[in-house]
> 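If you scroll down you'll find the structure; I have some questions about it.
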Amino acid sequence: MSESSQILSSFPAKLYIIATPIGNISDITYRAIETLRLVDIIAAEDTRHSGKLLHHYQIKKPMFALHDHNERDRAKVLIEKIKGGLAIALISDAGTPLISDPGYHLVNECRAAGVDVVPIPGPSAVITALSSAGLATDRFTFEGFLPAKEKGKQDKLKALIEEKRTMVFYESPRRIMDTVKQIILIFGGERKLVIARELTKTFESFYSFPASEMLTWLEQDTNHCRGEFVLMVAGASLQEDRIPEDALNTLRLLKDQLPLKKAAALTAQIHQQKKNDLYKWGLENL
Ligand code: SAM
């Protein structure tokens, strides 16, 4: 009997893209567990890391390493195996495969080769963070990791300067402080940020501040930069785009001495701006 026919099962020969926990080991669906139990092979980004999850759920399967460096070569082998009758699951270290994780080439080539790809949904840090951040979620843009080098990071942020949708970034503890500094430089210190840290874990926490205050908070304590981070940036508001900075400065000064309505009316006269826009901006930002 050949090696592949020994492990050939009756489970449909397809590629199953399975989401796994992002911290809390209980965050995995029944369907994900069931599918992992039924497939013939599990392709994982890091077989040792995923081995712990599988051990916890008493799943013992042949594993296959599939990471950024070997994905293109290994995709062909996996496609042959599926065509030969095997069911294969793809998991990553955490969350949903392909979301800032390997798998794109494999899925792309499976589709091109007419191999069925079945998503088994579950956690992803981007959706988990957005669901509880308190920022607009009707429209958002997922930006993944920013480039590590300063020029690349600045160019990317500059390209997003007029983005009105909530922006979601993944960030590492080593870079979070620098990224917030660059955001202040490019979007301004008043732009609202939310950090979701250690989602679903013991020290899960959300911090919501204007960018300049977020930097102060990060600088306060080295522990504040520890853990896993999702950084969310409120979209550029329409008012912010239209009102020039000198008018906003006048409004800020007047607001210290006067009620907002009066301050907005005077600023409107001084800078030939719309009273209502200034008032609305003041309500949101002062
Ligand atoms: N595939 C994963 C997903 O679906 O979210 C993302 C993998 S990416 C390599 C890892 C990054 O996701 C981390 O650097 C962090 O930015 C974010 N992340 C993953 N788990 C997280 C958690 N528990 N809390 C906060 N951020 C997390």
Side-chain angles (χ1 to χ4, degrees), residues 15-29 31-32 35-36 42-50 52-54 56 65-71 89-108 117-135 137 140-148 153 156-157 160 166-180 182-183 193-209 214 217-218 223-233:
L15 175 67
Y16 298 85
I17 305 296
I18 304 185
T20 58
I22 56 168
N24 188 320
I25 202 154
S26 302
D27 289 335
I28 187 159
T29 68
R31 189 174 168 221
T35 310
L36 287 167
I42 299 174
E45 191 182 357
D46 177 340
T47 51
R48 272 184 60 187
H49 179 95
S50 296
K52 292 178 198 151
L53 173 79
L54 299 175
H56 180 86
L66 187 103
H67 42 72
D68 283 336
H69 305 295
N70 70 1
E71 191 182 339
L90 174 68
I91 58 177
S92 59
D93 286 356
T96 302
L98 281 85
I99 306 302
S100 294
D101 266 339
Y104 161 70
H105 295 290
L106 176 61
V107 172
N108 188 265
V117 182
V118 181
I120 313 284
S124 187
V126 46
I127 301 298
T128 310
L130 272 174
S131 72
S132 303
L135 291 173
T137 50
F140 62 88
T141 150
F142 175 58
E143 299 294 333
F145 288 98
L146 282 162
K153 192 183 276 191
K156 184 83 206 259
L157 288 172
L160 290 167
T166 298
M167 289 158 268
V168 186
F169 300 92
Y170 284 166
E171 198 44 284
S172 79
R174 273 178 299 122
R175 300 197 180 120
I176 185 76
M177 186 118 70
D178 177 64
T179 295
V180 171
Q182 301 298 334
I183 285 176
L193 306 186
V194 179
I195 280 180
R197 197 161 63 121
E198 294 289 273
L199 287 163
T200 77
K201 304 185 203 175
T202 312
F203 296 108
E204 174 184 273
S205 36
F206 283 78
Y207 304 92
S208 173
F209 296 119
M214 187 67 86
W217 177 79
L218 287 168
N223 283 324
H224 292 175
C225 289
R226 294 226 170 104
E228 291 197 284
F229 291 87
V230 178
L231 173 66
M232 289 158 282
V233 181

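Only heavy atoms go into these numbers, but all of them, side chains included; no hydrogens, no water, no symmetry mates. One-based numbering, in listed order, for ligands and for the atoms of each.
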> Just wondering, do Y170 and V230 contact through their side chains at under 4.5 Å, heavy atoms?
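Heavy-atom side-chain distance check passes, below 4.5 Å.
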> Do L160 and V233 have side chains that get closer than 4.5 Å, going by heavy atoms?
no
> Every pair of nitrogen or oxygen atoms between ligand 1 and the protein that is under 3.5 angstrom apart - can you list them with their distances to 0.1 Å?
{"residue": "ligand 1", "atom": "1 (N)", "partner": "A94", "partner atom": "O", "Å": "3.1"}
{"residue": "ligand 1", "atom": "1 (N)", "partner": "T96", "partner atom": "O", "Å": "3.0"}
{"residue": "ligand 1", "atom": "1 (N)", "partner": "I99", "partner atom": "O", "Å": "2.8"}
{"residue": "ligand 1", "atom": "1 (N)", "partner": "D101", "partner atom": "OD2", "Å": "2.8"}
{"residue": "ligand 1", "atom": "4 (O)", "partner": "T96", "partner atom": "N", "Å": "2.9"}
{"residue": "ligand 1", "atom": "4 (O)", "partner": "S124", "partner atom": "OG", "Å": "2.7"}
{"residue": "ligand 1", "atom": "5 (O)", "partner": "S124", "partner atom": "OG", "Å": "3.3"}
{"residue": "ligand 1", "atom": "5 (O)", "partner": "A125", "partner atom": "N", "Å": "2.8"}
{"residue": "ligand 1", "atom": "5 (O)", "partner": "Y170", "partner atom": "OH", "Å": "2.6"}
{"residue": "ligand 1", "atom": "16 (O)", "partner": "E171", "partner atom": "N", "Å": "3.3"}
{"residue": "ligand 1", "atom": "16 (O)", "partner": "F229", "partner atom": "O", "Å": "2.6"}
{"residue": "ligand 1", "atom": "20 (N)", "partner": "E228", "partner atom": "OE1", "Å": "3.4"}
{"residue": "ligand 1", "atom": "23 (N)", "partner": "I22", "partner atom": "O", "Å": "2.9"}
{"residue": "ligand 1", "atom": "23 (N)", "partner": "L199", "partner atom": "N", "Å": "3.4"}
{"residue": "ligand 1", "atom": "23 (N)", "partner": "L199", "partner atom": "O", "Å": "2.9"}
{"residue": "ligand 1", "atom": "24 (N)", "partner": "L199", "partner atom": "N", "Å": "2.9"}

> Quick one: does S124's side chain have a donor or acceptor within less than 3.5 Å of a partner on I127's backbone?
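Side chain of S124 to backbone of I127: no pair is present.
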> Would the distance check show the side chain of H105 and the main-chain N or O of E71 forming a donor-acceptor pair, the cut-off being under 3.5 Å?
no
> Who passes side chain to side chain contact (heavy atoms under 4.5 Å, CB included) against Q182, sequence neighbours left out?
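Listed in chain order: E150, K153, Q154, L157, D178, L185.
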> What distance do D27 atom CG and K201 atom NZ have between them, rounded to the nearest 0.5 Å?
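With rounding to 0.5 Å, CG (D27) is 11.5 Å from NZ (K201).
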